[in-house]
Amino acid sequence: MKINAPPDSEAARLRRLRELGLHDTQDDAILDVFVDAIAEYCQAPIAFVSVLASDRQLIRSSIGLQVEDVSREQSFCNRLLAHDNALLEISDFGEVEQGLGDLFGHADHPVHFYAGHTLSTSDGHVVGSLVVMDTRARQLSTIEREAMQRIAKALSSIIDKQHLSTYARLDNVVLRNINQGILLTDTEAPDCVITYCNDAIVRMTGFARAELLGRNNQFLLGSDPAPEVVERFRHGMQAQIEFTLRVRQPCKDGHLLWVEYNTKPIFDEDNELCHYLSIITDVTMQHAHAVALESAKLATEQRVVERTAELQSSNESLRESQNALEQLLDQAPDATLVVNTNGRISRANARALDMFAGSDRVLVGKLLEELLPSDLRRLHREHRTNFNSAPSARSMGSGLNLYALSASGKRIPVDVNLSPIEISGEPFVVAAVRDVSDRVQREEAVEQARQEAEDANTSKSRFLATASHDLRQPLQSLGIYLSVLQRMLSSPEAIEVCGKMRNSLDAMADLLNLLLDVSRFESGSVEPQLADFELQTVFDSVRAEFEPAAAEKNLSLAVQHTDLKVNSDRALLQRVIDNLVSNAIKYTKAGSVIVQARVVRDAVILEVSDTGIGIADQDQHRIFGEYVQLDNPQRDRRQGLGLGLAIVSRICRLLGIPLRVQSEPDKGSCFRLEIPPAKDSVRELEDVSNNEALLPLKHKSVLLVDDDEAIVDSLSIHLSALGINVTTAFSFAEAIGYLDGGYLPDLIVSDYRLPDNNGIELIAKAREANNKPLAAVLMTGDTSLDLNIPEKLLDIEVLYKPVKEEQLISTLCALL
């Protein structure tokens, strides 16, 4: 390798090197921050900061490098002295310079790639370099080059001002572990670049340290910050004053944080501005709570994100950073106390003095119990003992009402956050205390209003129940008198008037009965009697009661048979189903009403579906209110009173039965109940695969047809496991191909809707091909569909999707 001759200013450069204190090999921990940042960002296994002395290149901080120095003749930094650009990049050493690459690598993994950037002083002297190396040939990307230039620029500024030791103290364990972001910018550097950032700002924003060092601090405000934010930011810096700014800050991944910048100018011993210190606090949660309180007026104030710093360090650097620690405590938004394990206060910020201290403004040295009401002091000592036995960062007395004494002696409610720390090797606790008097008052007002509303509702229900009940007696008497009067009348006109009076009296009685039902459910006077019973007994009652009404409107009422048992109040459940079926018949002009039940997971799903007028999405939540009739705006009482679904909703709440509705205008509605099953019913379904009744299915052949691949696959696996020979098809044509080829199944299971025809036609073709009766199951997901099954095919068993395996197997057993 050709050695570059020293430049004419070499003597001046070495003199400047000694002035900066860089000639010796003392450790400056701040260099590790820059080396770590560039190594992580460039994904380089080797990175270091070097100083170019008269005859040696000294390695001051490194990653992946074992050597501490090399001769100047072997130094890449030596090349940078004469290089035209501040950045020197060698993508591959090649064979000629491979020996030089071996100096920094291993025999098995020599170095192939080098990229170094000069570290220069303000008067133009190159004193060292920031370097990344790799064992593979490569090139830096554009953004990696930009990061290297920024970081070298920021590090050069620190070296030029002889601030390495200052920054090393600043980067002690306290500032690296504090929850608030810390930024330091150099006002004398071009563009006022960021020369220090702690770990918290990296965690907060998602930007790597290498992406922040060397940038202007307005980079964190995003590419298009609000003009008023930029103006306030610029004004504060130009005026050289401390200012606080709350902004919406974009993170690297695109999401936004609400943060609070507290920025203050830092002056040197000549009272010249040299830095700006920014303390950045994530107040996203605090902002969200404030917005919620402002808009709703009912939500309670939530405590802000804990910002008390975890303090630890026992070495000299902690004592040297004491002023920085005190500044951070003063920046905390809450009253903050540092307390030892004996409960004695060792530090207190200004907000704590304002809240707790009297005219003497003294808190340090006092016991923390002195800040509490006398009746809570003994309990607090017990809590302190328990906390010291297992210290952890947490809220104090979670779920409890905490109180403190203000400086005036007033008892105030507070929230307290605790964080254990170590100072000079001794354990302490940082307590952040917030006065929550306003929040407690709002919560009490909300609770009082809620209780008053509940009391008023209960009183109304009881009054309505009593009034309705008392009115039944005169109504009953009036009905008897009216019957007597009607027998005494002979005039047709008088008899007609008497009939109209009877209609009005019946309507009034119906209304009072419904009002009494509503009031009974609201007042809590109805106690459900839960028991196991067969659901079919309810279905039989529904069929007997509503078949005439359905036939009168030429509707098909299909109440499917079920063997399921449920656990509920039979009478109340009967009332719910009767009301749902009555409504379905009332609002269905043509088509069908279907009542069916099936097991889904751990519940019996009971559905009442129809092909009626349907309900719009925006009205579905209204139909369960009192006196709601969507199609009766004139309030014609011959169409009912609008209380049926209100009673259904109350009974379902009383029984703990979820009630859901699915509906589409002009296509129909489906009301779905989720009823707890009886234990023996669930057991029967679980044991169906082990039942001896399955033996007739073994070795039977089934043709399974459905265009849904998942359904075919799952049912095929399940049926095959029972010893059934399953042949599958995904279309009408494919199934007909099997039949035309001589395949004669014992049973056919088909979906109704097939891509090229329907399941009814397929079953008819299959029976013609078999030339004998063929058991068949038709599956469909449309409960409102008119299947138009020919009379000769009425023996087809119809199952409505979703079809459970147990339900299908039970059906196959019955057919075979």
Side-chain angles (χ1 to χ4, degrees), residues 556 558-562 590-598 600 605 607 609-611 667-668 670 697 700-720 722 724-816:
S556 170
V559 182
Q560 297 187 358
H561 180 79
T562 178
S592 61
V593 175
I594 299 173
V595 182
Q596 59 183 340
R598 66 183 189 278
V600 177
I605 303 301
E607 294 179 342
S609 53
D610 61 62
T611 57
K667 291 191 176 181
C670 178
L697 298 179
K700 295 293 184 180
S701 60
V702 172
L703 175 60
L704 177 61
V705 188
D706 199 306
D707 61 340
D708 189 312
E709 184 175 351
I711 292 177
V712 171
D713 185 58
S714 61
L715 288 179
S716 176
I717 292 173
H718 196 79
L719 295 176
S720 297
L722 300 176
I724 300 174
N725 298 318
V726 182
T727 299
T728 61
F730 295 93
S731 67
F732 179 89
E734 184 179 0
I736 292 298
Y738 288 133
L739 298 173
D740 290 344
Y743 173 62
L744 299 177
D746 296 307
L747 185 143
I748 183 167
V749 178
S750 174
D751 187 26
Y752 174 74
R753 295 187 184 276
L754 298 174
D756 44 359
N757 211 313
N758 64 64
I760 295 175
E761 289 295 327
L762 176 60
I763 293 170
K765 291 284 187 183
R767 289 181 172 177
E768 292 176 6
N770 267 21
N771 197 24
K772 65 176 183 179
L774 176 65
V777 176
L778 185 70
M779 300 186 298
T780 177
D782 194 342
T783 58
S784 63
L785 182 66
D786 185 0
L787 297 176
N788 292 322
I789 299 178
E791 185 176 352
K792 64 179 181 178
L793 298 179
L794 288 179
D795 58 343
I796 295 175
E797 189 71 27
V798 179
L799 298 179
Y800 290 91
K801 293 182 178 180
V803 179
K804 299 291 289 184
E805 290 87 350
E806 294 85 359
Q807 184 183 10
L808 177 60
I809 293 168
S810 177
T811 302
L812 296 185
C813 287
L815 293 175
L816 294 176

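The structure presented is a predicted model; accordingly, all values stated were derived computationally and were not measured.
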Extract all donor-acceptor atom pairs below 3.5 Å that involve side chains of residues 726-735 and protein atoms in other chains or at least two apart in sequence.
from	atom 1	to	atom 2	distance (Å)
Thr727	OG1	Tyr743	OH	3.3
Ser731	OG	Glu734	N	3.1
Glu734	OE1	Phe730	N	3.0

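Annotation: side chain to side chain contact (heavy atoms under 4.5 Å, CB included) contacts of Val749 (sequence neighbours excluded): Val702, Leu704, Leu747, Val777, Met779, Leu808, Leu812. Listed by chain and number, the residues in a side chain to side chain donor-acceptor pair (under 3.5 Å) with Ser701 are Asp746 (sequence neighbours excluded).
Closest approach of Gly759 and Leu754 over heavy atoms only: N-CD1, 4.2 Å. Listed here is the closest heavy atom pair of Val712 and Asp706: CG2-O, 3.3 Å. Minimum heavy-atom separation, Asp751 to Arg753: OD2-O, 3.0 Å.
Distance check, rounded to the nearest 0.5 Å: OH of Tyr738 to CG of Leu744 gives 14.5 Å. For the atom pair Ile760 CD1 and Ser750 OG, the distance stands at 9.5 Å (nearest 0.5 Å). In this structure, OG1 on Thr611 lies 12.5 Å from NZ on Lys667, to the nearest 0.5 angstrom. Rounding to the nearest 0.5 Å places CD1 of Ile605 at 6.5 Å from CZ of Arg598. With rounding to the nearest 0.5 angstrom, the NZ atom of Lys765 is 8.5 Å from the CG atom of Asp740.
In this structure, Leu739 and Pro745 have side chains that are in contact, with non-hydrogen atoms separated by less than 4.5 Å. Using a 4.5 Å heavy-atom threshold, the side chains of Gln560 and Ile594 count as touching. Between Leu762 and Ile736 there is a side-chain heavy-atom pair separated by less than 4.5 Å.
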